[in-house]
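Okay, so here's the structure we're looking at.
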Amino acid sequence: MSDAGDFIDTALQRESSWERAEDAEARHGGNHRYYGASVGAVRGTVRDALRRHPALTHDDITALSSELWEVPVFERRLAAVVLLQSRVRLLTNTDLTRIEGFVRSARTAALVDPLSTDVVGPLVERLDVVRRVRADSVLDRWARDPDDWLRRAALLSPLRALRAGAGDWPRFARHARLVLASTSGRDVEDDGGAAAAEAVARVVDDMARRRPELHL
């Protein structure tokens with residue numbers, strides 16, 4: 001394990017609480033193990049790690065995120081998300097492949113949603129034209145993928161930009177219609193479409209309040 005990875009994991013284990021671990025498992029499900037560290041502790045630990053290692057490059061950050069994610073402990077994976085949020089300016093379209101792997105294995109909104117809105121969205125928005133075209137093609141593929149959580153990630157990725165009065169609403173609308181068409185007449189809870197359908201409703205409801213001129 002790298003020095004930064006060891007520091008983060010050790011600090012998170014020191015912040016452990018069996019009461020919080022049980023509560024987190026009840027809220028997020030049994031796909032992960034739980035140390036029981038609070039969200040604030042996770043954020044503070046990543047912040048401290050970045051202070052200790054201020055010269056981490058793009059490759060260092062992405063490698064560290066994968067190192068943290070590799071062990072299916074919720075707090076480690078949340079730390080990977082916070083790390084990418086903190087250094088999103090270093091990321092580029094080629095990093096979407098790594099993030100796609102994270103989304104596919106996350107299986108919980110507590111990890112997928114911040115990855116989508118606070119990492120993928122800002123990453124895509126800051127790309128130049130050529131890289132943006134490539135990134136958009138990746139998100140188009142995500143929106144068509146059978147994996148419900150990957151579809152959710154594609155749908156939530158433009159949310160911050162849309163809230164700010166920017167963003168690509170026509171692309172979101174196309175993705176949303178794909179999801180709604182695929183779940184029409186189905187029990188989405190039984191067929192596994194609930195996560196993406198919920199994302200459509202979330203963005204549409206948000207825009208109805210903030211930008212009522214936008215509609216599907």
Side-chain angles (χ1 to χ4, degrees), residues 5 8-9 11-12 15 20 23-25 27-29 31-50 61-62 64-93 95-127 135 138-139 142-143 145 147-164 166-167 172 175 194-203 205-207 210:
I8 291 172
D9 187 72
L12 293 177
E15 295 289 337
R20 281 196 299 265
D23 178 66
E25 184 170 5
R27 283 184 289 117
H28 304 312
N31 293 324
H32 295 88
R33 302 198 306 273
Y34 296 86
Y35 287 157
S38 68
V39 173
V42 174
R43 293 191 176 280
T45 296
V46 173
R47 185 168 57 247
D48 290 346
L50 291 172
I61 292 293
T62 54
L64 178 57
S65 70
S66 290
E67 180 183 338
L68 291 168
W69 196 275
E70 182 178 9
V71 180
V73 172
F74 176 82
E75 290 84 358
R76 285 177 59 108
R77 290 184 166 183
L78 183 59
V81 175
V82 173
L83 177 69
L84 295 178
Q85 289 174 330
S86 301
R87 292 295 183 268
V88 69
R89 69 181 184 277
L90 297 178
L91 305 180
T92 188
N93 61 296
D95 295 310
L96 291 173
T97 300
R98 186 186 309 266
I99 295 170
E100 178 176 335
F102 291 173
V103 171
R104 287 185 183 277
S105 58
R107 320 304 300 175
T108 176
L111 296 173
V112 172
D113 291 8
L115 269 175
S116 309
T117 59
D118 299 332
V119 180
V120 176
L123 183 165
V124 171
E125 288 295 322
R126 59 177 292 277
L127 295 174
V138 171
L139 296 182
W142 288 10
D145 196 279
D147 189 300
D148 193 35
W149 291 101
L150 205 59
R151 295 198 302 271
R152 183 182 179 94
L155 291 160
L156 291 179
S157 64
L159 184 55
R160 279 181 52 168
L162 290 169
R163 284 174 173 171
F172 166 79
H175 291 171
E198 182 185 49
V200 172
R202 177 177 166 186
V203 176
D205 290 349
D206 200 314
M207 291 305 102
R210 298 168 186 262

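Keep in mind that what you see is a predicted model, and the values were worked out from it rather than measured. By convention here, the first residue in the shown sequence is residue 1. What's counted below: heavy atoms across the whole structure, side chains too, no hydrogens, waters or symmetry copies.
The two residues S116 and L156 have their closest heavy-atom pair at CB-CB, 3.8 Å. Closest non-hydrogen pair, L78 versus A110, comes out as CD1-O, 4.3 Å. Looking at every heavy atom in both residues, H32 comes nearest to S105 through NE2-O, 4.4 Å. When all heavy atoms of P114 and A109 are compared, the pair lying nearest together is CD-O, 3.6 Å. Contact between L155 and V203 at its shortest, heavy atoms only, is O-CG2, 3.9 Å. Taking each heavy atom of R151 and A143 in turn, the nearest pair found is CD-O, 3.4 Å.
Contacts of Y34 classified as ring pair (Phe, Tyr, Trp, His ring centres under 6.0 Å), with partners at least two apart in sequence or in another chain: F74. Considering only residues two or more places apart in sequence or on other chains, R160 meets the salt bridge (Lys or Arg N to Asp or Glu O under 4.0 Å) condition with D118.
In this structure, CZ in R104 is found 4.0 Å from CG in D145, a value given to the nearest 0.5 Å. Rounded to the nearest 0.5 angstrom, S86 OG and R47 CZ are separated by 8.5 Å. Considering CD1 of I99 and CG of L123, their distance stands at 5.5 Å, rounded to 0.5 Å. Atoms CZ and CE, on F172 and M207 in that order, are 8.5 Å from each other to the nearest 0.5 Å.
With contacts defined as side-chain heavy-atom distances shorter than 4.5 Å, the pair W149/R107 qualifies. A heavy-atom distance below 4.5 Å is found between the side chains of V103 and L115.
Taking the charged nitrogens against the carboxylate oxygens, R202 and E198 have no contact shorter than 4.0 Å, which rules out a salt bridge. With respect to the salt-bridge test (charged N to carboxylate O, under 4.0 angstrom), the residues D23 and R20 do not qualify.
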Show your reasoning for whether side-chain contact (heavy atoms from CB on, under 4.5 Å) applies to I61 and L50.
-> CA-CA 10 Å; I61 292 293; L50 291 172; 4.1 Å; yes
Please lay out, stage by stage, how T62 and L91 fare under the test side-chain contact (heavy atoms from CB on, under 4.5 Å).
-> CA-CA 8 Å; T62 54; L91 305 180; 4.0 Å; yes
Run the side-chain contact (heavy atoms from CB on, under 4.5 Å) check on T92 and R126 step by step: do they pass?
-> CA-CA 9 Å; T92 188; R126 59 177 292 277; 5.6 Å; no
Should S157 and W142 be marked as a side-chain contact (heavy atoms from CB on, under 4.5 Å) after you check the CA-CA gap, both sets of side-chain angles, and the distance that decides it?
-> CA-CA 11 Å; S157 64; W142 288 10; over 6 Å; no
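Residue L68 is tested with V81, L12, I8 for a side chain to side chain contact (heavy atoms under 4.5 Å, CB included); the sole match is I8.
Residue pairs that meet the salt bridge (Lys or Arg N to Asp or Glu O under 4.0 Å) test with at least one member in residues 65-78, sequence neighbours left out, are D9-R76.
Checking side-chain atoms of R33 against main-chain N and O of P72 turns up no donor-acceptor pair under 3.5 Å. The backbone N or O of V82 lies less than 3.5 Å from no partner atom in the side chain of R43, so there is not a single donor-acceptor pair. Put simply, the side chain of R152 gets close to the backbone of A195: a donor and an acceptor are under 3.5 Å apart. Not one N or O on the side chain of T108 forms a donor-acceptor pair closer than 3.5 Å with the backbone of L111.
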